[in-house]
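Notes to accompany the following structure.
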Amino acid sequence: MAGRRRESPAIHTDGNDVKAQKSPRLLNSPCDPAPKSMRELPQWMRLYFYGMHGVTLDVLISSVHGLISDGDPKLVGFSSPFRCIMHSLTNFALEKIYLQKKSFKGRPFIFHLVFYPSIYIGLQILLGNINTLADRVRVVSGTQLVLHYILTLYYTHVFYPGLSRLRYHCPERTKPEYTQGERVPDGLPDSARFLFFGMHGFLDEVIFTSIFNVIETSDRTQGGHTSLWSFLMYGSCSFVVEKLYMNLHFKRGWGTCHRLPIYIFFIYTWEFTWGLILRAFDACSWDYSHYPFNFMGLITLLYLPGWFCLSLYQDTLSNVLLRIKCTKDEEELADKATVINGQPESTF
């Protein structure tokens with residue numbers, strides 16, 4: 001869609017052509033006008049984000065429920081790789097339902113408060129019973145219905161409109177994206193990057209703990225767990241590691257082998273520091289005392305291969321986030337359907 005926009009017309013003033021694109025604009029603003037090379041987020045990226053976002057909601061809801069029920073300061077929440085996949089697929093389908101908002105012009109009340117909530121809640125009830133249909137149907141409580149309804153309002157008024165402002169730049173394969181000494185674009189604002197890294201930390205821990213549960217306890221439910229505190233830990237740690245990547249790689253030209261030891265040293269220091277602080281308030285959700293090569297039960301060399309792989313993946317994520325930009329376009333997903341030769345074509 002962005003690629004089909006025309007050049008800004010010249011403005012004739014006293015015989016002189018003044019290009020519209022030469023008008024001054026603020027630099028480093030959180031949301032800038034979308035360049036013509038920027039396009040909507042590709043499908044694989046939206047599926048990835050939908051799964052990660054769904055796991056975040058699972059952890060948030062289950063941890064708050066546990067806090068209210070037990071008052072546990074560890075704030076442990078639960079999800080699973082299976083639920084991550086289901087969130088990806090269902091939200092991708094619900095995205096198409098959201099596109100039908102255009103058919104409710106003049107009746108947004110019906111779409112936002114009746115049509116979309118009905119489909120969303122029905123789908124969530126179906127998914128909630130997918131593993132219990134052989135035994136018994138799970139009854140949905142009134143509290144759960146209210147929660148689902150609140151989530152539908154969040155999706156239609158916050159999540160999808162915010163997602164529609166993101167644009168992705170796909171670099172040319174024959175041309176290096178960035179070179180040493182070249183100014184690296186800002187990409188997403190720092191607050192959005194922090195949120196992304198925090199949510200990705202939830203996904204990492206859920207997948208990691210689910211694998212360990214299968215190996216250690218033969219748990220076939222493939223359930224994983226994490227803590228709300230992990231959002232702050234992973235969000236802040238990955239944010240700092242990304243800054244190290246920008247400085248060491250782009251400004252100093254350090255290779256991967258030189259950067260990795262610094263990443264891992266910082267990660268272990270960060271995990272140990274957070275563990276000491278949380279343990280003082282009985283809020284530390286991990287204890288490595290039963291693992292070999294541990295120090296005070298807060299860090300262990302047994303996880304070194306995992307941190308090594310995540311450090312490598314961190315650089316890949318940073319490169320992807322550099323290609324995403326938040327725009328000022330007030331376009332929502334429902335307005336992205338264009339008509340070509342009389343046939344509607346979705347550009348999202």
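Using a 30° and 60° split on the angle between ring planes, H148 and Y120 fall in the perpendicular class, above 60°. The aromatic rings of W44 and Y168 sit perpendicular, their planes meeting at an angle over 60°, well past the 30° parallel limit. Between Y50 and Y160, the ring-plane angle classifies as perpendicular under the 30° and 60° cut-offs.
Looking at heavy atoms from C-beta onward, R259 lies in side-chain contact with H249 at the 4.5 angstrom threshold. Contact annotation: the side chain of I267 approaches that of S311 to within less than 4.5 Å [non-hydrogen atoms, C-beta and beyond]. With a 4.5 Å cut-off on side-chain heavy atoms, W286 and S227 do not count as touching. Using a 4.5 Å heavy-atom threshold, the side chains of Q124 and L151 count as separate. In this structure, D190 and K243 have side chains that are in contact, with non-hydrogen atoms separated by less than 4.5 Å. In this structure, the side chains of Y234 and H200 stay at 4.5 Å or more apart for every pair of heavy atoms. Between L278 and W229 the shortest side-chain heavy-atom distance falls below 4.5 Å. The shortest side-chain heavy-atom distance between E242 and L317 does not fall under the 4.5 Å cut-off.
Linking ILVMFWY residues whenever their side-chain heavy atoms come closer than 4.5 Å, directly or via other members, leaves I121 and I150 in distinct clusters. Cluster annotation: F78 and L57 are assigned to distinct hydrophobic clusters (Ile/Leu/Val/Met/Phe/Trp/Tyr, side-chain heavy-atom contacts under 4.5 Å, transitive). Following chains of ILVMFWY side-chain contacts shorter than 4.5 Å, one can reach F109 starting from I97, so the two form part of one hydrophobic cluster. V76 and V64 sit in two unconnected hydrophobic clusters of ILVMFWY residues. Membership requires side-chain heavy atoms under 4.5 Å apart, directly or through other members. F196 and L203 end up in the same hydrophobic cluster when Ile, Leu, Val, Met, Phe, Trp and Tyr side chains are linked at under 4.5 Å.
Nearest heavy atoms, P117 versus F111: CD-O, 3.6 Å. What you find for L75 and S63 is that their closest heavy atoms are O-CB, 3.5 Å. Here the shortest heavy-atom pairing between R83 and S79 reads CB-OG, 4.0 Å. Taking each heavy atom of R167 and E40 in turn, the nearest pair found is CD-N, 4.1 Å. Annotation for M233 and W274: closest pair CG-CD2, 3.3 Å, computed over non-hydrogen atoms. Closest heavy-atom contact between F194 and S236: CE1-N, 3.3 Å.
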Step by step, would you call E205 with V59 a side chain to side chain contact (heavy atoms under 4.5 Å, CB included)?
-> CA-CA 11 Å; E205 285 214 336; V59 173; over 6 Å; no

Hey, mind stepping through F266 and V240 against side chain to side chain contact (heavy atoms under 4.5 Å, CB included) and telling me if it holds?
-> CA-CA 9 Å; F266 178 77; V240 174; 3.5 Å; yes

Audit row: L301, Y291, side chain to side chain contact (heavy atoms under 4.5 Å, CB included) steps and yes/no | CA-CA 9 Å; L301 291 179; Y291 289 145; over 6 Å; no

Report the C-alpha distance between F265 and I262 in whole Å, list the side-chain angles of each, state the deciding distance to 0.1 Å, and finish with yes or no for side chain to side chain contact (heavy atoms under 4.5 Å, CB included).
-> CA-CA 5 Å; F265 175 78; I262 298 178; 5.9 Å; no

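In this structure, H53 NE2 and S88 OG are separated by 12.0 Å, a value rounded to the nearest 0.5 Å. Between atom CZ of residue F239 and atom OG of residue S191 there is a gap of 9.0 Å, rounded to the nearest 0.5 Å. Expressed to the nearest 0.5 Å, how far CZ of R279 lies from NZ of K74 amounts to 10.5 Å. One finds the CG atom of L322 at 7.5 Å from the OH atom of Y245 (value rounded to the nearest 0.5 Å). To the nearest 0.5 Å, atoms OH (Y98) and CG (L163) are separated by 10.0 Å. In this structure, the separation between CD1 on I299 and OG1 on T273 is 9.0 Å, given to the nearest 0.5 Å.
Within the 3.5 Å criterion, the main-chain N or O of I207 finds a donor-acceptor partner in the side chain of S210. A distance-only check finds a donor-acceptor pair linking the side chain of T209 to the backbone of V206 [under 3.5 Å]. Side-chain atoms of D282 do not come within 3.5 Å of backbone N or O of P73 as any donor-acceptor pair. In this structure, the side chain of T300 engages the main chain of P292 through a donor-acceptor pair within 3.5 Å.
If you check the side chains of E271 and Y303, you find no donor sitting under 3.5 Å from an acceptor. For the 3.5 Å distance criterion, the side chains of D58 and H87 qualify, holding a donor opposite an acceptor. Side-chain atoms of Y263 and D315 include a donor-acceptor pair closer than 3.5 Å.
Within a 6.0 Å radius of CZ in F308, no more than 12 heavy atoms belonging to other residues, nucleotides or ligands are found. Under a cut-off of 6.0 angstrom, the local environment of CZ in F293 is sparse, with at most 12 non-hydrogen atoms contributed by other residues, nucleotides or ligands.
Aromatic ring centroids of Y268 and F272 lie 6.0 Å or more apart.
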